[in-house]
Amino acid sequence: MPSYSSRLPMRSHFDAQVDFFSELARAGIDALRRLSELNVQLARQLNDDALHAARAMVSCSYPFQLPVVAASESAPFIEHLRSYQQQLAAVLSGAQVELARSAGSRLPGISRAAAATLGGMARRDAGTAHSLARPAGDSAVSAARPPHETNHTPE
């Protein structure tokens with residue numbers, strides 16, 4: 001039995017699906033890369049902020065100034081979190097747009113390939129059913145006659 005990949009309609013449909021999923025995977029991986037870069041950037045900024053705040057609090061000579069120093073050192077931390085939130089929203093919306101664009105550009109091709117595949121399979125099945133319905137050597141009239149009718153003449 002021949003494999004489905006060797007049949008042209010199935011192969012084109014399979015290729016269209018592979019292209020579609022490859023494009024979606026590429027868009028998803030690109031979005032994950034941008035998200036990872038954003039997370040690494042935030043981690044570095046927060047690490048630097050924590051080190052700077054720790055140095056400022058250790059260098060504080062008067063213990064009652066610690067809350068004031070901690071509050072003043074928390075401003076960059078809060079600003080970095082706000083910036084991260086905005087950039088995260090931009091990365092996620094960009095990923096959504098890219099995935100939608102990729103899907104929108106590939107779906108018509110997949111639909112055409114699926115229709116061609118189904119059309120080819122329907123034609124093949126119709127040809128097989130037609131050849132099974134008319135055994136070789138029978139005439140069209142006898143093939144159309146119901147099986148209970150015979151050619152006997154009453155005596």
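Heavy-atom minimum distance, Ser61 versus Pro63: O-CD, 3.7 Å. Of all heavy-atom pairs between Ser59 and Ala56, the closest is OG-O, 3.0 Å. Nearest heavy-atom pair, Val91 versus Leu35, reported as atom, atom and distance to 0.1 Å: CG1-N, 4.1 Å. Of all heavy-atom pairs spanning Leu99 and Ala27, the tightest one is CD2-CB, 3.6 Å.
We find that Arg44 and Asp48 are not joined by a salt bridge, their nearest charged nitrogen and carboxylate oxygen being 4.0 Å or further apart.
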**Request:** Could you check Asp30 against Arg34 for side-chain contact (heavy atoms from CB on, under 4.5 Å), going step by step and ending with a plain yes or no?
**Result:** CA-CA 6 Å; Asp30 189 47; Arg34 289 192 310 262; 2.5 Å; yes
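The CG atom of Leu42 sits 10.5 Å away from atom CG of Asn47, with the distance rounded to the nearest 0.5 Å. Here the CD atom belonging to Gln87 is positioned 9.5 Å from the NE2 atom belonging to His80, to the nearest 0.5 angstrom. Atom-to-atom distance recorded for Gln41:CD and Ser83:OG is 7.0 Å, nearest 0.5 angstrom. The OG atom of Ser36 sits 11.0 Å away from the CD1 atom of Ile29 when rounded to the nearest 0.5 Å.
Side-chain heavy atoms closer than 4.5 Å link hydrophobic residues (I, L, V, M, F, W, Y) into clusters, and following such links, even through other members, never connects Val97 to Leu24. Residues Met57 and Val68 do not share a hydrophobic cluster, clusters being chains of Ile/Leu/Val/Met/Phe/Trp/Tyr side chains in contact below 4.5 Å.
For the salt bridge (Lys or Arg N to Asp or Glu O under 4.0 Å) condition, the pairs that include at least one residue of residues 88-100, sequence neighbours left out, are Arg26-Glu98, Glu98-Arg101. Sequence neighbours left out, the pairs with a member in residues 54-80 that pass salt bridge (Lys or Arg N to Asp or Glu O under 4.0 Å) are Glu79-Arg82.
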